[in-house]
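For reference, the structure discussed in these notes is given below.
Every chain is numbered from 1 and lettered A, B, ... according to where its sequence line falls, protein lines coming before strand lines.
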Protein chains: 2
Amino acid sequence: MKIIHSPTDVVPAVLTESPGTKSHRAYTQIRADILSCHHLPGTKLNIAGLAADLDVSLGAVREALSMLQSEALVVSEPQRGYTVSPVSPKELADITEARIAIEALCLRTSIERGDLAWESRLVASWHKLSRLSQTDAGKDQHLSETWSRAHADFHAELVGACGNDWLLRMRAMLYEQSERYRRMSVSMPQQTGTRDVPAEHKAIFDAVMERDVERAVAALETHLRKTATIVRSSVAL
Amino acid sequence: MKIIHSPTDVVPAVLTESPGTKSHRAYTQIRADILSCHHLPGTKLNIAGLAADLDVSLGAVREALSMLQSEALVVSEPQRGYTVSPVSPKELADITEARIAIEALCLRTSIERGDLAWESRLVASWHKLSRLSQTDAGKDQHLSETWSRAHADFHAELVGACGNDWLLRMRAMLYEQSERYRRMSVSMPQQTGTRDVPAEHKAIFDAVMERDVERAVAALETHLRKTATIVRSSVAL
DNA sequence: TAAGACGAAAATATAGAAAAATCCAGACCC
DNA sequence: GGGTCTGGATTTTTCTATATTTTCGTCTTA
């Protein structure tokens with residue numbers, strides 16, 4: 001009789017795309033569960049429970065949580081374990097303001113320094129984003145996963161020529177936090193009425209392609225602020 | 001014959017001010033050793049060796065290193081262990097530019113929002129800093145530890161009324177990185193000739209007390225840029 | 001009702017096993 | 001002769017199972 005291997009054995013490395021270590025697999029898994037709000041903000045994370053779920057040891061989970069702490073997705077109190085980072089209107093406001101400032105900074109230098117190769121990459125990701133629908137055909141509850149990916153790529157590409165690794169790292173962190181808030185907010189029926197997201201993206205894109213820094217920064221700020229407003233009113237904080 | 005204890009043994013727990021966990025003690029110790037350049041940038045950190053030195057288990061060291069990774073003081077490659085974050089002129093430039101931008105941002109809001117209590121705290125830390133000498137009387141090689149502390153407090157207090165926890169967290173991170181570079185640079189004999197650090201601090205302080213945002217930001221930028229220039233020319237990268 | 005003791009649960013710590021990478025000597029080919 | 005490859009030996013990282021310590025809730029008792 002043929003023996004069925006456990007899932008971890010048969011899943012090829014390329015699919016998980018995580019470095020072989022179990023800590024990293026646990027990290028990836030827990031991270032996804034937090035971002036998808038499977039673990040709700042503010043809830044306590046039971047180390048033993050997670051270890052059982054993920055079929056790894058306590059130490060591995062502990063290390064994974066350490067990694068997540070560096071992304072501010074979980075917080076720890078000594079001797080009292082880990083909890084999913086709580087959310088609050090104040091936090092959302094802070095993140096939004098910080099993000100606007102830093103994205104603007106990155107965008108400025110990116111436009112100034114960006115060469116033809118960057119422009120080409122930007123055109124590519126813009127094209128992809130503009131041809132995708134925000135929602136999947138099947139269920140209009142949540143945003144399409146492909147669209148989210150394309151959206152992230154487009155925003156990353158905008159600042160791709162910035163060159164300052166530290167600013168980019170901070171930008172990435174803030175983007176991720178914003179995403180967490182966005183995903184927490186329930187489906188966005190009110191958006192469609194009051195808002196034209198593709199038009200906002202186009203405004204940014206056009207300004208960037210014309211190398212009009214001020215207009216691009218202003219368009220980006222408008223885009224981010226509108227998103228934050230929607231999320232704030234939509235999510236139950 | 002009397003046995004000489006290793007430094008880590010004789011330091012009382014109250015001095016380190018760490019939460020009881022051994023992981024955190026290890027973290028504090030390794031962190032200090034990196035900042036003081038006892039562990040040089042780019043060197044590999046042997047987990048077993050550290051565990052032996054600090055008299056804790058592998059797991060505790062591993063967790064401490066995880067924490068340090070979140071501060072970007074160490075980097076890890078899966079299956080290949082941890083190394084002290086390398087330094088480079090590019091990195092120094094990135095950190096400096098990012099720091100100038102973010103400190104300026106924080107200072108702006110801090111001046112706008114700062115109340116009397118903040119002003120009072122700022123006066124206090126300014127007073128302390130202004131009365132301390134940069135170098136210890138005994139050895140003029142390195143900066144005085146008390147002065148460094150007061151300097152950090154003063155700069156932290158400047159932006160203390162900013163209110164945006166995310167920006168402040170990033171500021172703290174960048175300050176720490178700058179400190180690492182500064183401590184790496186050898187003693188600063190050339191500074192005394194070309195530079196008057198207390199005057200630079202006074203310029204910032206005066207502008208802030210007069211609530212002159214633009215002048216304060218300009219003074220701060222000058223201060224940070226000068227420091228970076230000195231460090232870049234002084235340190236062997 | 002409040003203080004204290006007890007027990008369960010959870011976090012932290014440790015030592016040793018397993019897995020992976022590195023190192024080194026010797027063989028082989030050009 | 002020089003350079004490259006191969007196969008273990010060794011070191012180092014990673015993982016697990018277990019032990020210890022701390023915290024939290026509960027139940028008793030004054």
Nearest whole Å is fine: how far is C:dA20 P from B:Glu77 CD?
17 Å
Among C:dA21, D:dT16, C:dT12, which is the nearest nucleotide to the side chain of A:Gln79?
C:dT12
So does B:Asn46 get a side-chain nitrogen or oxygen closer than 4.0 Å to the phosphate oxygens (OP1/OP2) of D:dT11?
no
For D:dT16, take OP1 and OP2 only and decide whether either is under 4.0 Å from a side-chain N or O of A:Ser57.
yes
Considering only heavy side-chain atoms of B:Val56, the closest of C:dA11, C:dT14, D:dT14 is C:dT14
Is it the case that the side chains of B:Ser125 and B:Glu157 hold a donor-acceptor pair, with the cut-off being a distance below 3.5 Å and no angle test?
no
Could you state the CZ-P distance from B:Arg62 to C:dT12, rounded to the nearest angstrom?
17 Å
What is the distance, to the nearest angstrom, from the CD atom on A:Glu63 to the P atom on D:dT13?
12 Å
Atom CG of B:Leu50 to atom C1' of D:dT13: distance rounded to whole Å?
13 Å
Rounded interatomic separation in angstrom, taking OH from A:Tyr82 and C1' from D:dT22:
16 Å
With no hydrogens and no angle check, just 3.5 Å: does a side-chain donor-acceptor pair link B:Ser144 and B:Thr146?
yes
Distance below 4.0 Å between B:Lys22 side-chain N/O and D:dT21 OP1 or OP2
no
Between D:dT16, D:dC24, C:dT12, spot the one nearest the side chain of A:Arg80, thanks.
D:dC24
Respond yes when some side-chain nitrogen or oxygen of A:Lys44 is under 4.0 Å from OP1 or OP2 of C:dA11, and no when none is.
yes
Measure CG/A:Leu65 against C1'/C:dT12 and give the value in whole Å, please.
13 Å
State whether the side chain of B:Thr21 and the backbone N or O of A:Pro78 hold a donor-acceptor pair below 3.5 Å, judged by distance alone.
no
Round to the nearest Å and state the distance from B:Leu58 atom CG to D:dT16 atom C1'.
13 Å
Going by an N to O cut-off under 4.0 Å, is there a salt bridge joining A:Asp94 and A:Lys90?
yes
A:Thr21 side-chain proximity, nearest of D:dT22, D:dC15, C:dA13
D:dC15
Name the orientation class of the two ring planes belonging to A:His151 and A:His155 (parallel below 30°, tilted from 30 to 60°, perpendicular beyond 60°).
perpendicular
For A:Ile47 and D:dT21, what is the distance between atoms CD1 and P respectively, to the nearest whole Å?
18 Å
